[in-house]
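Below: the structure, in structure tokens.
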Amino acid sequence: SNAAVMGSPLVFLATAALGYSATGPMSRGAARSAYVSRATPAMKLTTNWLDYSFGLQDPQFDVPGAPAPDAPPEHFEITPEQVETLKRDGVVHIKGVLTPEWLDYMRRTTEYQIKNPHMWASPGVVSGLYDYIQRNVWSTNSAFAKFFYHSPLGSIMAQLGETDEIRISTDLLMVNPNKGFKWHQDNQNGPVDHYNSLRFWVTMDDTPPDHGAPVYLRYSQNNKCVGDDKVFVDLTEGDLPEYDELLEFRPKAGDMLVWHSRSIHKIDGPENQDWGNRLRRVLGGTVIVGKAPYMGEGKALFSDLGAHDFKNGDILEGELFPRIYPSSLAHERQARERGECTRTVEGVMRLMSNMWASMGEMASFTNVVNPTKAKEAIAAQPQADEAAQPAAEVAAAAEPAGSRR
């Protein structure tokens, strides 16, 4: 039964990987031409695996500006003040990143994805933490891939990172965070360390007036007490009490937040944990800044399930971590189109073995999404962040379906 599959995270992961592989025994999903579609977007998606797609998806939407495949991303001017703000505060709000055309493109692409759910959305759906959540949509949905290739995102990240090369480490499509995550630092950033990466968050909707505002501890990227593998944090411990200035942002549709992955932050969800008829659609993720080393050995990374032989210290490059600035590369785009950037059995087996080496990290994820433990740890803290989306996904995939909170 579906519940039985979801009840065992290792069985679920192996099954999903086989189904996702272009050559796996469940590859019939990849060949389906009629994905599940509904007359209206259904936010509360079914957890029946028969309703999900396993393969590559192509909405065939026109890209704004009709760029050539090798064209660089659109330029968006970043000021020296914005670069300095990111360095100093650990986060910066960039307004008006998406033109009306790009905003419409992203909303239609997200609606398509919701109507045609992918197998790799199912862990988050099972958890109830989001109405829809899917990692690495660039690798499965061509419209999201083209957003990375041609939107202003690559230009913005290159300028803020002061680099001449930007690659995707991981992304996460998030629709309607129903539950909060307390204060945390991001951890599921892919096989790149905190100091060679930047986090991003592009919203397709205005922030509601009474919840959903991202809140950061100013300067907290400089803290000395939160380990690199930690997610959930206690603001009373170590030197965190020194970072007592809060920065609250209320981004509007088309705006973008960029932050250092060690910056401590949260987002309060709706009080009743239900967005009703409202939408909060966000594409977030992590980019690799410059020529960064692979740092994934021994880590349980849901964003690193491709087939490769990277060792710690190897330069992160190639089709699994595609370049988006100064432009995408034809051979990397073609590899994605052939389905070579997907989850694989090899990658899932690597993840399983690394879970044992990352038990502390997994326990920290459990604290993030467990309201009871979080309340015991920090009684005074409100709900919290959805910008820790990756933490939600990992915890969701690791818990039995019957233990939803």
Side-chain angles (χ1 to χ4, degrees), residues 16 20 35-36 38 41-45 47 51-59 61 97-98 102-149 151 153 168-179 181 186 188-190 199-205 212 214 251 253-257 267 269 275 278-287 302-303 305 322 324 336 341-343 385-397:
Y20 192 90
Y35 296 100
V36 175
R38 299 174 175 84
M43 292 295 115
K44 305 297 184 184
L45 293 177
T47 56
D51 285 349
Y52 288 85
S53 165
F54 288 100
L56 301 180
Q57 298 173 300
D58 186 358
F61 296 150
V97 169
L98 300 186
W102 274 115
L103 186 57
D104 176 68
Y105 176 89
M106 287 297 285
R107 286 173 171 171
R108 287 187 292 118
T109 300
T110 300
E111 181 178 349
Y112 170 94
Q113 192 64 73
I114 294 168
K115 286 183 176 180
N116 302 277
H118 200 279
M119 182 61 187
W120 282 93
S122 56
V125 173
V126 168
S127 75
L129 296 172
Y130 291 83
D131 286 344
Y132 191 92
I133 181 170
Q134 183 182 335
R135 180 173 297 284
N136 283 4
V137 289
W138 73 266
S139 68
T140 60
N141 185 317
S142 65
F144 283 114
K146 291 172 183 176
F147 172 80
F148 281 106
Y149 299 155
S151 79
L153 187 144
I168 303 172
S169 179
T170 186
D171 68 38
L172 200 66
L173 176 65
M174 300 162 282
V175 179
N176 292 1
N178 294 311
K179 300 181 181 181
F181 290 100
D186 295 317
Q188 279 288 320
N189 297 309
R199 296 282 300 171
F200 67 87
W201 193 87
V202 181
T203 181
M204 299 167 230
D205 302 283
D255 287 1
M256 182 177 184
L257 292 176
I267 297 180
W275 286 74
R278 289 190 297 186
L279 288 174
R280 171 63 166 278
R281 296 160 291 187
V282 168
L283 182 64
T286 305
V287 298
F302 275 61
S303 53
L305 298 184
I324 59 173
R336 194 207 71 81
C341 300
T342 64
R343 274 84 165 172
D385 187 349
E386 131 236 52
Q389 344 87 328
E393 180 196 11
V394 172

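For the numbers below, each heavy atom of this structure counts, side chains included, while hydrogens, waters and symmetry mates do not.
- Judged by distance alone, with hydrogens and angles left aside, the side-chain atoms of T110 form no donor-acceptor pair with the main-chain N or O of R107 at under 3.5 Å.
- The backbone N or O of V137 lies less than 3.5 Å from a partner atom in the side chain of D171, making a donor-acceptor pair.
- By the side chain to side chain donor-acceptor pair (under 3.5 Å) test, S151 pairs with no residue at all, sequence neighbours left out.
- The line from OG1 of T342 to CZ of F54 is 12.5 Å long, rounded to the nearest 0.5 Å.
- In this structure, N176 contributes its side chain and Y130 its backbone to no donor-acceptor pair below 3.5 Å.
- Rounding to the nearest 0.5 angstrom, the gap separating the CH2 atom in W138 from the CD1 atom in I324 is 10.5 Å.
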**OP:** In sequence, state the C-alpha distance, the side-chain angles, and the governing distance for F147 and L98, and then conclude on side-chain contact (heavy atoms from CB on, under 4.5 Å).
**Re:** CA-CA 11 Å; F147 172 80; L98 300 186; 3.7 Å; yes

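- Under the rule for a side chain to side chain contact (heavy atoms under 4.5 Å, CB included), the partners of R108 that lie at least two apart in sequence or sit in another chain are F61, D104, Y105.
- Between atom CE of residue M204 and atom CE of residue M174 there is a gap of 8.5 Å, rounded to the nearest 0.5 Å.
- Between A121 and Y52, the closest heavy-atom pair is CB-CE2, 4.4 Å.
- Every residue meeting the side chain to side chain donor-acceptor pair (under 3.5 Å) condition with T170, not counting sequence neighbours, appears here in chain and number order: R135, N136.
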**OP:** Give the C-alpha distance, both sets of side-chain angles, the deciding distance and a yes or no for side-chain contact (heavy atoms from CB on, under 4.5 Å) between I133 and L172.
**Re:** CA-CA 7 Å; I133 181 170; L172 200 66; 3.7 Å; yes

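- Here the shortest heavy-atom pairing between L103 and G254 reads CD1-N, 4.0 Å.
- Residues meeting the side chain to side chain donor-acceptor pair (under 3.5 Å) test with R336, sequence neighbours left out: none.
- The shortest non-hydrogen separation linking P214 to G212 is CD-O, 3.4 Å.
- The heavy-atom pair separating S139 from L56 by the smallest distance is O-CD2, 3.4 Å.
- A distance of 7.0 Å separates CD1 of I168 from OH of Y149, quoted to the nearest 0.5 Å.
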Subject >> Residue pair K115, E111: steps toward the side-chain contact (heavy atoms from CB on, under 4.5 Å) verdict >> reply: CA-CA 6 Å; K115 286 183 176 180; E111 181 178 349; 3.3 Å; yes

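- In this structure, CH2 on W201 lies 11.5 Å from CG on L283, to the nearest 0.5 angstrom.
- Residues that satisfy the salt bridge (charged side-chain N to carboxylate O under 4.0 Å, His left out) test with D205, not counting sequence neighbours, are R281.
- Between the side chain of S169 and the main chain of N189, a donor-acceptor pair closer than 3.5 Å is present.
- Contact detail for Q188 and S303: the closest heavy-atom pair is OE1-N, 4.1 Å.
- Residues forming a side chain to side chain donor-acceptor pair (under 3.5 Å) with N141 (at least two apart in sequence, or on another chain): Q113.
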**OP:** Check the pair I114 / V175 against side-chain contact (heavy atoms from CB on, under 4.5 Å), numbers first and verdict last.
**Re:** CA-CA 9 Å; I114 294 168; V175 179; 4.0 Å; yes

